[in-house]
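This report concerns only the one structure given below.
Residue numbering restarts at 1 for every chain, and letters A, B, ... go by the order of the sequence lines. Since this is a predicted model, take the numbers as computed values, not measurements.
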Amino acid sequence: MRIGELARRTGVSERALRYYEDQGLLRPERRPSGYRVYGDADVAAVRRIRTLLAAGLSTAQIVQVLPCVVDDEGVLVPGCPELVDELVRQSERIGAAIDELAATRANLDTIITAHRRAS
DNA sequence: TTTCTGACA
DNA sequence: TGTCAGAA
């Protein structure tokens, strides 16, 4: 199928699909016309890419992760142990970011409260 | 009509 | 990522 159909079947824009290729996430074949040709497997691949992206992984990480991830009714099961290691660190960084934001909000709320009481 | 590449009031 | 241009 060409990019238009893949876009419809995955709900991902053609622009994004070309971007994924630039990042090495997808490697469609090329027709002599230059048109990209995708296989049915790419529909699943795009879905995996989307969920990985939604999990906060960078395209660079996904390039390495993709080959070691296995299907399972929508849930992605990482196959490589090295990968799990990196994902754990990724999760820890998110946790740290959440803590920092919470602290920032606490400070902000203190200021807001002070303003209201002064008004 | 569809897709391609490159570029950005 | 959207979107527009200019070409195939």
Practice item. Identify the two heavy atoms, one from Leu26(A) and one from Ala45(A), that lie closest to each other, and give their separation to 0.1 Å. Key: CD1-CB, 4.2 Å
Practice item. Look only at the side chain of Ser119(A) and the backbone of His115(A), and say whether a donor-acceptor pair between them is shorter than 3.5 Å. Key: yes
Review point. For residues 21-28 of chain A, which residues have at least one heavy atom under 4.0 Å from DNA chain B?
Key: none
Review point. With side chains defined as the heavy atoms from C-beta onward, is the minimum distance between Tyr38(A) and Val46(A) less than 4.5 Å?
Key: no
**Study point:** Distance, nearest 0.5 Å, that separates CG of Leu6(A) from CG of Asp42(A)
**Key:** 6.5 Å
Review point. Do Arg36(A) and Glu29(A) come close enough that some side-chain heavy atom pair is under 4.5 Å?
Key: no
Check your understanding: Where does DNA chain B pair, written as one dot-bracket string 5' to 3', with Watson-Crick or G-U pairs under 3.5 Å, ( ) inside the strand, [ ] for crossing pairs and | for another strand?
Key -> .|||||||.
Check your understanding: Distance from Arg89(A) atom CZ to Glu92(A) atom CD, nearest 0.5 Å?
Key -> 8.5 Å
**Study point:** Point-to-point distance, once rounded to the nearest 0.5 Å, from CG of Leu57(A) to OG1 of Thr51(A)
**Key:** 8.5 Å
Review point. Atom CD of Gln90(A) and atom CG of Asp85(A): how far apart are they, to the nearest 0.5 Å?
Key: 12.5 Å
Review point. Where does the chain A footprint on DNA chain C start and end, counting 5' to 3' with a 4.0 Å heavy-atom cut-off?
Key: dT1(C) to dA8(C)
Exercise for review: Any chance you could measure Tyr20(A), atom OH, to Leu66(A), atom CG, to the nearest 0.5 Å?
Suggested key: 11.5 Å
Polar pairs (N or O, both sides) under 3.5 Å between protein and nucleotides 4-9 of chain B?
{"unit_1": "dC4(B)", "atom_1": "OP1", "unit_2": "Arg36(A)", "atom_2": "N", "d": "3.0"}
{"unit_1": "dC4(B)", "atom_1": "OP1", "unit_2": "Arg36(A)", "atom_2": "NE", "d": "2.8"}
{"unit_1": "dC4(B)", "atom_1": "OP2", "unit_2": "Arg18(A)", "atom_2": "NE", "d": "3.0"}
{"unit_1": "dC4(B)", "atom_1": "OP2", "unit_2": "Arg18(A)", "atom_2": "NH2", "d": "2.8"}
{"unit_1": "dT5(B)", "atom_1": "OP1", "unit_2": "Arg30(A)", "atom_2": "NH1", "d": "3.1"}
{"unit_1": "dT5(B)", "atom_1": "OP1", "unit_2": "Arg30(A)", "atom_2": "NH2", "d": "3.1"}
{"unit_1": "dT5(B)", "atom_1": "OP2", "unit_2": "Arg36(A)", "atom_2": "NH1", "d": "3.4"}
{"unit_1": "dT5(B)", "atom_1": "OP2", "unit_2": "Arg36(A)", "atom_2": "NH2", "d": "2.2"}

Exercise for review: Each residue besides Leu108(A) in its hydrophobic cluster should be listed here, by chain and number; the cluster joins Ile, Leu, Val, Met, Phe, Trp and Tyr at side-chain heavy-atom distances under 4.5 Å.
Suggested key: Ile112(A)
**Study point:** Side-chain donor/acceptor of Gln61(A) to backbone N/O of Ser58(A), under 3.5 Å
**Key:** yes
Revision key, fill the gap. Contacts satisfying side-chain hydrogen bond (donor to acceptor under 3.5 Å, both in side chains) that involve residues 104-113 of chain A (not counting sequence neighbours) are none
